[in-house]
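Written below as structure tokens is the structure these notes are about.
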Amino acid sequence: MQQLTKILSRLALGLVGAVVLGVGAAALYLDHYLDSATGPGAAPVEFRIEKGQSFRTVSRALAARDIITKPWLLDFYARWTGRAGRIHAGDYLLAPGATPRDLLEQFLRGDVRLFSFTLVEGWNQWDLQRAIAARPELEATLGPEDW
């Protein structure tokens with residue numbers, strides 16, 4: 001009986017050791033992935049996050065555009081750290097060589113691409129509406145009934 005207890009305790013200790021090593025290896029792998037450069041090319045990449053889009057959808061879209069390679073890993077990290085639901089919608093300009101961690105931080109900051117628009121003195125509301133409609137990157141949120 002004493003010998004069986006000794007064997008079971010060694011087996012349990014070995015199992016705990018294997019689990020600890022496995023978790024440590026997984027953490028190192030995740031950390032390495034999050035800090036590795038993303039996507040091909042040397043030019044910035046335009047990327048849009050729609051309002052209400054889930055982070056899982058965002059990470060899959062990043063992978064579909066060859067910006068990241070393991071969307072499930074980035075999604076896991078964002079959910080595990082409680083950040084997945086805090087990303088901001090908008091148009092982003094992703095820097096070449098950005099890491100998955102950099103991309104997540106950019107989405108959390110809401111560091112979106114900015115567009116300039118000039119209002120010309122003397123325009124009436126119809127001139128303004130035409131100018132906004134001519135720029136697809138701009139979204140008019142006020143209609144004629146709001147003037």
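In this chain, residues are counted from 1 in sequence order. Every value quoted in this text rests on a predicted model; they were computed, and no experiment measured them.
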Donor-acceptor pairs are to be reported for all side-chain atoms of residues 109-122 against protein atoms at under 3.5 Å, with residues two or more places apart or in another chain.
{"residue": "R109", "atom": "NH2", "partner": "D111", "partner atom": "OD2", "Å": "3.4"}
{"residue": "R113", "atom": "NH1", "partner": "E46", "partner atom": "OE2", "Å": "2.7"}

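A search for salt bridge (charged side-chain N to carboxylate O under 4.0 Å, His left out) contacts involving R60 returns nothing, not counting sequence neighbours. With sequence neighbours excluded, no residue satisfies salt bridge (charged side-chain N to carboxylate O under 4.0 Å, His left out) with D102. Residues meeting the side-chain contact (heavy atoms from CB on, under 4.5 Å) test with A61, sequence neighbours left out: F47. In terms of the side-chain contact (heavy atoms from CB on, under 4.5 Å) criterion, residue partners of E50 (sequence neighbours excluded) are, by chain and number, R48, Q53. By the side-chain contact (heavy atoms from CB on, under 4.5 Å) test, T5 is found to be paired with no residue, residues two or more places apart in sequence or in another chain being considered. For T57, the side-chain hydrogen bond (donor to acceptor under 3.5 Å, both in side chains) partners are S54, not counting sequence neighbours. Here S36 pairs with Y33 under the side-chain contact (heavy atoms from CB on, under 4.5 Å) rule; sequence neighbours left out.
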List the steps, then state whether side-chain contact (heavy atoms from CB on, under 4.5 Å) holds for Y77 with R83. CA-CA 8 Å; Y77 175 72; R83 297 172 168 180; 3.7 Å; yes

Passes side-chain contact (heavy atoms from CB on, under 4.5 Å), L62 versus V58? Steps please. CA-CA 6 Å; L62 288 166; V58 169; 4.2 Å; yes

Could you check L94 against I67 for side-chain contact (heavy atoms from CB on, under 4.5 Å), going step by step and ending with a plain yes or no? CA-CA 9 Å; L94 308 180; I67 297 169; 3.9 Å; yes

Stepwise, does the side-chain contact (heavy atoms from CB on, under 4.5 Å) test hold for L34 with L74? CA-CA 7 Å; L34 291 172; L74 182 58; 4.0 Å; yes

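At least one donor-acceptor pair under 3.5 Å links the side chain of Q106 to the backbone N or O of L93.
Sorted by first and then second residue, the salt bridge (Lys or Arg N to Asp or Glu O under 4.0 Å) pairs involving residues 15-26 (not counting sequence neighbours) form an empty list. For residues 5-25, there are no ring-ring contact (aromatic ring centres under 6.0 Å, His included) pairs, not counting sequence neighbours. Applying the ring-ring contact (aromatic ring centres under 6.0 Å, His included) definition to pairs two or more places apart or across chains, those involving residues 84-103 are Y92-F107.
By the criterion of side-chain heavy atoms lying less than 4.5 angstrom apart, applied directly or through intervening Ile, Leu, Val, Met, Phe, Trp or Tyr residues, W80 is grouped together with I87 in one hydrophobic cluster.
For L128 against W123, the heavy-atom pair with the smallest separation is CA-CE3, 4.0 Å. For A98 against L103, the heavy-atom pair with the smallest separation is CB-CD2, 4.0 Å. Heavy-atom minimum distance, P71 versus S59: CB-O, 3.3 Å.
Atom CG of D127 and atom CD of Q125 lie 9.5 Å apart (nearest 0.5 Å). For the atom pair CG of N124 and CD of Q129, the computed distance is 9.0 Å after rounding to the nearest 0.5 Å. Put simply, CG on D75 and NZ on K70 are 15.0 Å apart, with the number rounded to the nearest 0.5 Å.
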